[in-house]
Amino acid sequence: MSRPRVLVTGATGFVARALLPTLVERADVTLLLLEEYAGAPLPAPLATLRPRLDVVYGDLRNFALTARAVRQARPERVLHLAAAGVSDPFLEPRLALSHNVAGTLNLLRACFEGGQATRQLVVARTSAEHAPPNVYAASKAAAWAFCAMYARVAAWPIVGAMIFQAYGPGQPATLLLPAALRAALAGQDFPMTDGRQEKDWIAVEDIAAGLLAILASDLPPGTTVELGTGQTTPVRAAVERVYARVGRGGRPLPGALPSRPGEAQRQAAAAAPAEALTGWRARIPLDEGLDRLIAAEAKS
């Protein structure tokens with residue numbers, strides 16, 4: 001990229017915090033933040049980047065405020081990471097619809113109606129959209145249905161970045177691996193489901209690199225790039241690897257919790273098409289990624 005103007009939503013989230021330190025080296029970056037952040041310090045590590053970031057304020061649930069923010073930012077490319085329910089996938093449907101569906105629609109219109117010159121809108125997707133097991137995934141699938149429709153009918157340059165089982169430093173503490181790691185560090189047992197589900201675990205550093213590759217690519221409208229390794233590891237095995245590395249006692253308790261109904265038993269990214277489309281592929285194996293996660297937790 002030759003320093004395009006990039007607008008990022010969801011900039012205080014897990015993925016954005018890993019992405020932005022590199023993105024600011026390659027682009028002129030504007031964050032779309034809620035008004036509550038006006039005058040308030042940004043969370044680490046964004047605070048150290050603040051002198052290199054522009055900020056516009058708005059609320060994706062409100063079209064007028066979203067359109068105003070996009071006009072102010074004048075982005076060539078937009079990375080839409082904002083979503084409700086990432087760490088609480090069984091949120092109220094009303095909230096999921098207003099944030100994830102209406103919010104995405106408002107952003108689409110703001111980027112492509114009224115003569116706006118946005119060249120690309122990258123929408124973060126979830127691999128659970130294929131067979132949604134919860135409200136969050138269903139709302140993301142509905143949002144992408146609108147994206148795909150506008151890409152097909154209006155040729156709006158909207159592309160998807162489907163993120164598989166993300167993990168890494170800074171992930172919300174309620175999610176699986178951070179919760180398991182905290183229990184392992186405390187030498188406590190960890191109640192869990194049977195853990196037979198096979199997940200495509202992808203380190204957040206690889207996700208950030210994949211998003212950068214998508215932003216640097218001019219892909220056909222409606223394309224989705226799957227960000228994953230193409231390989232799977234059962235949930236139980238991933239948790240067991242955490243405990244083996246920490247070595248402070250305690251153990252996973254598979255089957256202590258009921259399995260969630262409707263959850264896919266295997267999810268794996270199509271890694272070869274992603275590399276063919278963007279030149280990107282995941283490079284961090286699960287064992288290395290877990291070592292990085294444990295080391296980061298030990299420093300915090």
Side-chain angles (χ1 to χ4, degrees), residues 1-4 6-8 10 14-16 18-23 25-27 29 75-81 83 104 108 111-112 118-132 137 140-141 143-168 198-233 264-289 292:
M1 292 186 290
S2 55
R3 297 204 69 82
V6 178
L7 177 67
V8 180
F14 166 59
V15 171
L19 169 72
L20 285 169
T22 303
L23 183 59
E25 300 292 337
R26 305 185 184 186
V29 180
E76 297 170 84
R77 298 179 186 267
V78 177
L79 179 57
H80 181 34
L81 299 175
T104 298
L108 298 182
C111 287
F112 300 116
T118 303
R119 291 177 50 196
Q120 181 196 55
L121 171 59
V122 180
V123 176
R125 304 182 61 190
T126 169
S127 58
E129 289 177 35
H130 292 308
K140 292 290 286 182
W144 180 252
F146 281 101
C147 293
M149 181 271 291
Y150 280 116
R152 183 178 66 255
V153 173
W156 287 354
I158 305 164
V159 299
M162 179 170 281
I163 298 171
F164 279 69
Q165 195 67 36
Y167 72 97
E198 295 187 17
K199 303 288 188 180
D200 188 337
W201 303 90
I202 177 165
V204 70
E205 298 93 338
D206 272 336
I207 296 170
L211 292 171
L212 290 169
I214 294 171
L215 285 169
S217 304
D218 289 316
L219 301 170
T223 301
T224 286
V225 178
E226 297 191 1
L227 300 182
T229 67
Q231 301 176 348
T232 63
T233 300
Q265 289 303 298
R266 187 177 189 274
Q267 292 180 334
E275 186 171 8
L277 287 167
T278 68
W280 168 89
R281 62 183 176 88
R283 299 183 180 277
I284 301 173
L286 179 58
D287 286 341
E288 180 182 340
R292 294 185 183 194

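Here the closest non-hydrogen pair linking Gly168 and Val204 is CA-CG1, 4.2 Å. In this structure, Ala271 and Gly228 approach most closely via the heavy-atom pair CB-O, 4.4 Å. A pairwise comparison of heavy atoms in Ala274 and Glu226 identifies CB-O, 3.5 Å as the closest pair. The minimum heavy-atom distance linking Val78 with Pro75 is given by the pair CG2-CG, 3.6 Å. The two residues Ala166 and Ile207 come nearest to each other via the heavy atoms CB-CD1, 3.4 Å. Pairing each heavy atom of Ala16 with each of Gly10, the nearest pair is CB-O, 3.4 Å.
Using a 4.5 Å heavy-atom cutoff, the side chains of Trp201 and Asp206 are not in contact. The shortest side-chain heavy-atom distance between Pro157 and Thr118 does not fall under the 4.5 Å cut-off. With contacts defined as side-chain heavy-atom distances shorter than 4.5 Å, the pair Cys147/Thr104 qualifies. For the pair Leu227/Trp280, a side-chain contact is recorded, criterion being any heavy-atom separation below 4.5 Å from C-beta on.
To the nearest 0.5 Å, atoms OG1 (Thr229) and CD1 (Ile202) are separated by 7.0 Å. Expressed to the nearest 0.5 Å, how far CZ of Arg125 lies from NE2 of His130 amounts to 6.5 Å. Rounding to the nearest 0.5 Å places SG of Cys111 at 5.0 Å from CG of Leu121. From Gln120, atom CD reaches atom CZ of Arg77 across 4.5 Å, with rounding to the nearest 0.5 Å. Atom-to-atom distance recorded for Leu211:CG and Thr22:OG1 is 11.0 Å, nearest 0.5 angstrom. In this structure, the separation between NZ on Lys199 and OG1 on Thr233 is 12.0 Å, given to the nearest 0.5 Å.
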- Query: So Trp144 and Ile158, side chain to side chain contact (heavy atoms under 4.5 Å, CB included) or not? Walk me through it.
  - Reply: CA-CA 10 Å; Trp144 180 252; Ile158 305 164; 4.0 Å; yes

- Item | Audit row: Val6, Arg26, side chain to side chain contact (heavy atoms under 4.5 Å, CB included) steps and yes/no | CA-CA 10 Å; Val6 178; Arg26 305 185 184 186; over 6 Å; no

- List the steps, then state whether side chain to side chain contact (heavy atoms under 4.5 Å, CB included) holds for Val225 with Val159. CA-CA 8 Å; Val225 178; Val159 299; over 6 Å; no

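The number of heavy atoms from other shown groups lying within 6.0 Å of CD (Gln231) does not exceed 12.
The closest donor-acceptor contact from the side chain of Arg3 to the backbone of Glu25 lies under 3.5 Å. Under a 3.5 Å cut-off, the side chain of Asp200 and the backbone N or O of Phe164 do not form any donor-acceptor pair.
With sequence neighbours left out, Trp156 forms a ring pair (Phe, Tyr, Trp, His ring centres under 6.0 Å) with Phe112, Tyr150. Shown here are the salt bridge (charged side-chain N to carboxylate O under 4.0 Å, His left out) partners of Arg292, two or more places apart in sequence or in another chain: Glu205, Glu288.
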